[in-house]
**Student:** 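My structure is below; once you've seen it, I'll send some questions.
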Amino acid sequence: MYYGDLSDSEQISNVIYNIKPDEVYHLGAQSHVRVSFEAPEYTGNITALGATRILEAIRRSGNSIKFYQASSSEMFGASLPPQSESTPFIPRSPYAAAKVYAYWMAANYRDGYGIFASNGILFNHESPRRGETFVTRKITRAVASILSKKQDSLFLGNLDARRDWGYAPEYVAFMWKMLQNEKPEDFVIGTGESHSVREFVDEAFSYAGLDRDEYIKIDPRYYRPTEVEELIADSNKAIKKLKWKSEIKFKELVKIMVDADLRAYGLEPFGEGDEILKKKFPNRWWGVD
Ligand code: F7E
């Protein structure tokens, strides 16, 4: 393990030079969209310039290193769904603008210097490991907390926003696949379905036998100055070229995440989420996490 910081180009260069990696998966960022409105300059420094610092280190090393850029469906912003590789980027946050910059830097280092650099344009990918301030985990954790009598309300922002939510381990497996492709290319990855935040709440609360109206409260502090209304992935390129298939759909994802949070709170999981994982991924570590 090496310590690194995306704001420190010298340190990044040293690490790349010393390790001489075959592949770099650049997932580091200030990745919270709401926070990016509070810290736009920091977000630009880390999320946008961080990618440039790694690309420069790779170029200067002179080694043949493949580069994966974690691009984001947030880059599409106000472009109407479904969104594919040819949909225009209309970013709606400092985070999204920073990701658009990083996307184009990866494309430019590919075209200009022949670096094997690929953008994975990933739609929201979730799991029990999702940070607690992102909406899916905030909801599933609240369900466990309410059942444990540690919380009696859940404050949320815009319930009407619609997202294409998939199961993160499947997306990570696809990142690796992208770098094994014969040439560097960009791919949109998602499930092809969108659901509202309200639907996520309904699904999680009804799985736990809770009445959402008793617990949900709206706090305008969670609204964003500009919102991305709806994202739906058109992953046809990935389906055709790299056999992408999302196994876990919306309702299954919610159950997997609620079960995991119940366990984290020391409660007995309802079990449907665990069953789904055992059935779909019997031989994979993420089926038994
Ligand atoms: O918000 C609404 C919020 O913060 C989803 C990041 O990984 O995915 C993620 O970005 C939606 C938004 O994720 C709350 O307004 C309502 O419309 O979970 P989120 P995100 O902004 O979609 C993309 C692909 C990335 O690249 C990002 O790095 O939910 N919402 N009430 C709320 N969101 C939050 N966080 N908290 C609320 O209370």
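Here the structure is a predicted model, which means the values were calculated and not measured. Whatever order the structure lists them in is the order used to number ligands and atoms, beginning at 1.
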**Student:** Please determine whether the number of non-hydrogen atoms from other residues, nucleotides or ligands lying under 6.0 Å from atom CG of Asn18 exceeds 12.
**Tutor:** yes

**Student:** Give a table of atom pairs where an N or O of ligand 1 lies under 3.5 Å from a protein N or O.
**Tutor:**
{"from": "ligand 1", "atom 1": "1 (O)", "to": "Arg224", "atom 2": "NH2", "distance (Å)": "3.4"}
{"from": "ligand 1", "atom 1": "4 (O)", "to": "Arg224", "atom 2": "NH2", "distance (Å)": "2.9"}
{"from": "ligand 1", "atom 1": "7 (O)", "to": "Arg130", "atom 2": "NH1", "distance (Å)": "3.1"}
{"from": "ligand 1", "atom 1": "7 (O)", "to": "Arg130", "atom 2": "NH2", "distance (Å)": "2.9"}
{"from": "ligand 1", "atom 1": "8 (O)", "to": "Asn124", "atom 2": "ND2", "distance (Å)": "3.2"}
{"from": "ligand 1", "atom 1": "15 (O)", "to": "Glu227", "atom 2": "OE2", "distance (Å)": "2.6"}
{"from": "ligand 1", "atom 1": "17 (O)", "to": "Arg163", "atom 2": "NH2", "distance (Å)": "3.1"}
{"from": "ligand 1", "atom 1": "17 (O)", "to": "Glu227", "atom 2": "OE1", "distance (Å)": "3.0"}
{"from": "ligand 1", "atom 1": "17 (O)", "to": "Glu227", "atom 2": "OE2", "distance (Å)": "3.0"}
{"from": "ligand 1", "atom 1": "18 (O)", "to": "Val135", "atom 2": "N", "distance (Å)": "2.8"}
{"from": "ligand 1", "atom 1": "21 (O)", "to": "Arg224", "atom 2": "NH1", "distance (Å)": "2.6"}
{"from": "ligand 1", "atom 1": "22 (O)", "to": "Asn124", "atom 2": "ND2", "distance (Å)": "2.8"}
{"from": "ligand 1", "atom 1": "22 (O)", "to": "Arg163", "atom 2": "NE", "distance (Å)": "2.8"}
{"from": "ligand 1", "atom 1": "26 (O)", "to": "Ser72", "atom 2": "OG", "distance (Å)": "2.6"}
{"from": "ligand 1", "atom 1": "26 (O)", "to": "Tyr95", "atom 2": "OH", "distance (Å)": "2.7"}
{"from": "ligand 1", "atom 1": "28 (O)", "to": "Ser31", "atom 2": "O", "distance (Å)": "2.6"}
{"from": "ligand 1", "atom 1": "28 (O)", "to": "Tyr95", "atom 2": "OH", "distance (Å)": "2.9"}
{"from": "ligand 1", "atom 1": "31 (N)", "to": "Gly157", "atom 2": "N", "distance (Å)": "2.8"}
{"from": "ligand 1", "atom 1": "35 (N)", "to": "Thr133", "atom 2": "O", "distance (Å)": "2.9"}
{"from": "ligand 1", "atom 1": "38 (O)", "to": "Lys138", "atom 2": "NZ", "distance (Å)": "2.7"}

**Student:** Taking only residues two or more places apart in sequence or in another chain, which ones pass side chain to side chain donor-acceptor pair (under 3.5 Å) with Arg34?
**Tutor:** Glu38

**Student:** Could I get the full list of side chain to side chain donor-acceptor pair (under 3.5 Å) partners for Glu56, not counting sequence neighbours?
**Tutor:** Arg59, Arg60, Tyr109

**Student:** Would you call Glu185-Lys241 a salt bridge at under 4.0 Å N-O?
**Tutor:** yes

**Student:** Using salt bridge (charged side-chain N to carboxylate O under 4.0 Å, His left out), reason through Asp22 and Lys66 one step at a time and then give a plain yes or no.
**Tutor:** CA-CA 6 Å; Asp22 297 309; Lys66 293 182 181 177; over 6 Å; no

**Student:** Can you list every ring pair (Phe, Tyr, Trp, His ring centres under 6.0 Å) pair that touches residues 131-151, not counting sequence neighbours?
**Tutor:** His32-Phe134

